[in-house]
Number of protein chains: 2
Amino acid sequence: MEMLTKLEELILLSVWRLKENAYGTTIYNYIADVTGKKLSLGGIYFPLDRLAKKGYLTAYIGEATPERKGLSKRYYHLTDRGIQALGEIKRVNEIMWADFPEIALSI
Amino acid sequence: MEMLTKLEELILLSVWRLKENAYGTTIYNYIADVTGKKLSLGGIYFPLDRLAKKGYLTAYIGEATPERKGLSKRYYHLTDRGIQALGEIKRVNEIMWADFPEIALSI
DNA sequence: CTCCCTTTTTCTAATTATTAGAAATTATTT
DNA sequence: AAATAATTTCTAATAATTAGAAAAAGGGAG
C-alpha cells in the first residue's frame, strides 16, 4: 500500500473516531481542534474523495433530519482496507516513536 | 507551528534516532526499512534542506574518514525547535490514536 | 411567498511537495 | 588513467494542499 499523506492519515483517523457522525464539517472541526493547526475546510473534501476512490472509505448521503439546512451531508465510513491501512500506520508509528521522550512544554 | 508533511515528520524522527550518523543515505535507508514503502533517494534531500531552512535541523559537513568516497556527507542534527516539533506531533498522535485497536495482520 | 441566513459541499487558481531518475562530485581501487 | 562506489544535486513531471469564492438547499422572518 502506498504511503498516505498526513492529511489523509488524520482524516482516516477522524472518521474512525467520529463513528456515525463523520462528514466534511465534523471531520474538519475534529482535526482543527486536536492539531490546533489552521487548515482549509474546503480543502478537506478533495482528500476525502480521494480516499473514497482509493477504497479506504465509503460515502453515503445522509437522510433528512428535522433541522437540516444546506446541501445533504455526505457521511463517510471506514472500509476494511481503511482499517488495515490505519493498522499499518500504527505499527510504523510504534517503531518510529519508540523511546521518544515526553517533552516539557515550553512556557 | 505549521503542520509538517509526513515525509518531514519521518525525516525528523530518523535524525533523532540515527543520532550522530544521520545523513541523506542513512535517513533514506532507515525510512525505507521501517515503512517498507518505496520512496526516492534523491527526493529525501529537498525536504531535508527545507527542514534546515525552517530551523528544525542543522547541517554540518562530515570530516574525512579513512575509507570515504563520493561527495562529503552532510550530517544533520535536531535543533531545540526540531525536538519541540516532534514533541507536539507526539502529543497529537497520542490523542488521535488513543484506543485504536491492534489489528490482526492479514495473511 | 420571497428574501435572507446558515450549513454544507463544490470548484478554481495559486502554491507547495513529492517522485523518478539522470547528472555531478570525489575518493578509492585496479 | 580508468572504473567504481558513495554521495549529493538537479530537473521536469506529477500530485497535494491552501485559500477563498461560489453554489445548493432548507428554515425562518417578514
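As the structure is a computational prediction, the values presented were derived from the model and not from experiment. Letters A, B, ... are given to chains in the order of the sequence lines, protein chains preceding strands, and every chain is numbered from 1.
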A:K53 NZ to D:dA16 C1', in whole Å, measures 13 Å
Is any side-chain heavy atom of B:V34 closer than 4.5 Å to a side-chain heavy atom of B:R17? no
Nearest-nucleotide pick for A:L71, side chain only, options being D:dA25, C:dT26, C:dT18: D:dA25
Is B:R50 near enough to C:dT16 that one of its side-chain N or O atoms lies under 4.0 angstrom from OP1 or OP2? no
Between atom CG in A:L7 and atom P in D:dT17, what is the gap in whole Å? 5 Å
Results of ring pair (Phe, Tyr, Trp, His ring centres under 6.0 Å) for A:Y60 - residues two or more places apart only: A:Y75
Give the residues of residues 9-41 of chain A touching DNA chain C, defined as any heavy atom closer than 4.0 Å, sorted by residue number. A:Y23, A:G24, A:T25, A:L41
Ignoring backbone atoms, test whether A:K73 places a side-chain nitrogen or oxygen under 4.0 Å from the OP1 or OP2 oxygen of C:dT8. yes
Rounded off to whole Å, could you give me the NZ-to-P distance for the B:K6 and C:dA17 pair? 17 Å
A:E2 meets the salt bridge (Lys or Arg N to Asp or Glu O under 4.0 Å) criterion, sequence neighbours left out, with A:K54
Measure CZ/B:F46 against P/C:dT16 and give the value in whole Å, please. 10 Å
In whole Å, what is the span from the CG atom of B:L51 to the C1' atom of C:dT18? 14 Å
Taking only the side-chain nitrogens and oxygens of A:T5, find out if one of them lies under 4.0 Å from OP1 or OP2 of D:dT17. yes
In short, salt bridge (Lys or Arg N to Asp or Glu O under 4.0 Å) pairs touching residues 23-51 of chain B with sequence neighbours left out are A:E88-B:K37, B:E8-B:R50, B:D49-B:R74
With respect to the phosphate group of C:dT10, does any side-chain polar atom (N or O) of A:R74 fall under 4.0 Å of OP1 or OP2? yes
A:Y76 OH - C:dT8 C1' separation (whole Å): 12 Å
Nearest 0.5 Å please: distance from the CG atom of A:L78 over to the CD1 atom of A:I83. 5.5 Å
note: B:I61, atom CD1; D:dT7, atom C1'; distance rounded to Å ~ 11 Å
Tell me, which pairs form a side chain to side chain donor-acceptor pair (under 3.5 Å) where one or both residues lie in residues 92-101 of chain B, sequence neighbours left out? none
Can you tell me how far P of C:dC11 sits from CG of A:L48, to the nearest Å? 14 Å
I want to confirm an ordering. Mapping A:G43 and A:M3 to their closest nucleotides on DNA chain C, which one lands closer to the 5' end? A:G43
Got a sec, which residues hit side chain to side chain donor-acceptor pair (under 3.5 Å) with B:Y28, two or more places apart in sequence or on another chain? none
